[in-house]
There are 2 protein chains.
Amino acid sequence: MKTIAHTDPTTPELATEASELRIATFRLARRLRAQRAIDTMSDGQFAVLATLKMYGPHTLGELAERERVSAPSMNRTVNCLEESGWLTRTPDEVDRRKVIIALTGEGLDVVEETVRRRDAWLESAIAALPDAKRAILRQAAGIMREVTAL
Amino acid sequence: MKTIAHTDPTTPELATEASELRIATFRLARRLRAQRAIDTMSDGQFAVLATLKMYGPHTLGELAERERVSAPSMNRTVNCLEESGWLTRTPDEVDRRKVIIALTGEGLDVVEETVRRRDAWLESAIAALPDAKRAILRQAAGIMREVTAL
DNA sequence: TATTGTTATACTCTATAACTATA
DNA sequence: TATAGTTATAGAGTATAACAATA
């Protein structure tokens, strides 16, 4: 009988399980987001720098699409980051309508410092856990990425 | 020798572990946040309704402090939610300077519908997982809450 | 003509400072 | 005098519409 799994004590209610994971995820994300190198920098600005670090230079349109934001909005964000010296605009040699946006050394430093702070906080939080719990978190991270890849 | 744990292949680098969990958490939180009942409602507005549902009525100052936002900013958010009929303002009988902000039935509906949608998305995502992976996520949720309680 | 980026303009959310009512 | 809330005003970040340059 297939419905047994539903009431089996070793596999609790799917609904409860989802709620618990939702709450835990939001709470951990909030704590992590609070750790940043430049505390005047918005999440949207940081996301652009992090994208440039991870995937290399982009055109304005590509950045806007990836961050699911309008082109004028991304243009403004890029202006701010350019003024701060964290990225550069270069006209595309082949298609002169385009501009290539790339991270500067200082921009890379900002991303790395923020990442370092977030990871340092998380490391110190999980370092104290027994190995078994750390193993759970390690496996969970993989499953969470699998789930969001759908 | 205590340092063995650090290089033991069964307990990978703490730094890698933290990074993986950070990325997975942000990604899952982002996907969850996208699910909402009223798609014109901001995260800040939803957070207020969720707080009122979870912890009951608050004064304006309490809400502002809990959400780490200025009083005028919270006042504006509360005005919007009041106009939409999702919460009520009532002068405090004892201290007439204060106003008690409480969820209406409609406000409760909005919170529950958003929570239902987020959980429905997450349920469908984890329902397909083998029991062993679901068990990992269930345990991880508990550990994540433990870590954020510090 | 179509596409890429930019400018013009407006709306929301945030903040600080000033004000009102109450303690 | 101090505190709770509100109003006034301004600074980011978002959007759509209109425009310029290039394909």
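Throughout, a chain's letter reflects where its sequence line sits, starting with A, and its residues are numbered from 1.
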(request) Could you work out which one of C/dT4, C/dA23, D/dG5 sits closest to the side chain of B/D95? (result)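 Output: C/dA23.
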(request) Evaluate the side-chain proximity of B/K53 to B/E112: yes if any heavy-atom separation is below 4.5 Å, no if none is. (result)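 Sidechains of B/K53 and B/E112: in contact.
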(request) Check whether any side-chain heavy atom of B/C80 lies under 4.5 Å from a side-chain heavy atom of B/Q45, and answer yes or no. (result)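 With C-beta onward as the side chain, the pair touches.
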(request) Say whether B/T51 and B/E67, considering side chains only, have a donor N or O and an acceptor N or O under 3.5 Å apart. (result)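 The criterion, which ignores hydrogens and geometry beyond distance, is satisfied for B/E67 and B/T51.
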(request) Verify whether one side chain among B/T88 and B/E82 offers a donor that lies under 3.5 Å from an acceptor in the other. (result)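 No pair is found: no donor N or O on one side chain lies under 3.5 Å from an acceptor on the other.
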(request) Test the A/R31-A/F26 pair against the cation-pi criterion, namely NZ or CZ under 6.0 angstrom from the six-membered ring centroid and within 45° of the ring axis. (result)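 Because its charged atom misses either the 6.0 Å distance or the 45° angle limit, A/R31 does not stack over A/F26.
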(message) Looking at A/R89 and A/I101, would you say the former's side chain and the latter's main chain have a donor-acceptor pair under 3.5 Å?
(response)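 It does not hold such a pair.
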Distance in angstrom units between [X] [atom1] and [N] [atom2], rounded:
X: B/N79; N: C/dT12; atom1: CG; atom2: C1'; answer: 14 Å
X: B/E93; N: C/dT22; atom1: CD; atom2: P; answer: 13 Å
X: B/I100; N: D/dA4; atom1: CD1; atom2: C1'; answer: 11 Å
X: B/R96; N: D/dT6; atom1: CZ; atom2: C1'; answer: 17 Å
X: B/K98; N: C/dA21; atom1: NZ; atom2: C1'; answer: 15 Å
X: B/D43; N: D/dT14; atom1: CG; atom2: C1'; answer: 14 Å
X: A/E67; N: D/dT14; atom1: CD; atom2: C1'; answer: 14 Å
X: B/N75; N: C/dA18; atom1: CG; atom2: P; answer: 18 Å

(request) Before accepting this row, confirm whether a basic side-chain N of the pair B/R117/B/E113 lies closer than 4.0 Å to the acidic partner's carboxylate O. (result)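 Result for this pair is yes, salt bridge flagged.
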Could you go through nucleotides 13-15 of chain C and list every protein N or O atom that sits under 3.5 Å from one of its N or O atoms, giving the distance for each pair?
unit_1: C/dC13; atom_1: OP1; unit_2: B/Q45; atom_2: NE2; d: 3.4
unit_1: C/dT14; atom_1: OP2; unit_2: B/S73; atom_2: OG; d: 3.4
unit_1: C/dT14; atom_1: O5'; unit_2: B/S73; atom_2: OG; d: 3.3
unit_1: C/dT14; atom_1: O4; unit_2: B/R76; atom_2: NH1; d: 3.0
unit_1: C/dA15; atom_1: OP2; unit_2: B/S70; atom_2: N; d: 2.9
unit_1: C/dA15; atom_1: OP2; unit_2: B/S70; atom_2: OG; d: 3.0
unit_1: C/dA15; atom_1: OP2; unit_2: B/S73; atom_2: OG; d: 3.4

(message) D/dA20, OP1 or OP2 - any side-chain N/O from A/R97 closer than 4.0 Å?
(response)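 No.
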(message) Please determine whether residues B/I23 and A/L52 belong to a single hydrophobic cluster, defined as Ile, Leu, Val, Met, Phe, Trp and Tyr linked transitively by side-chain heavy-atom distances below 4.5 Å.
(response)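 No, separate clusters.
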(request) Carefully, step by step, assess A/E20 and B/R145 under the rule salt bridge (charged side-chain N to carboxylate O under 4.0 Å, His left out). (result) CA-CA 9 Å; A/E20 294 291 333; B/R145 292 185 73 156; 3.0 Å; yes
(message) Please classify the nucleic acid contact of A/V94 as base, sugar-phosphate, or nothing, using heavy-atom distances under 4.0 Å.
(response)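 Counting heavy atoms under 4.0 Å across all strands, the contact made by A/V94 is with sugar-phosphate only.
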(message) Contact list please: residues 49-63 of chain B against DNA chain D, heavy atoms, distance less than 4.0 Å, in numerical order.
(response)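 Of all residues in residues 49-63 of chain B, the ones placing a heavy atom under 4.0 Å from DNA chain D are B/T59, B/L60, B/G61.
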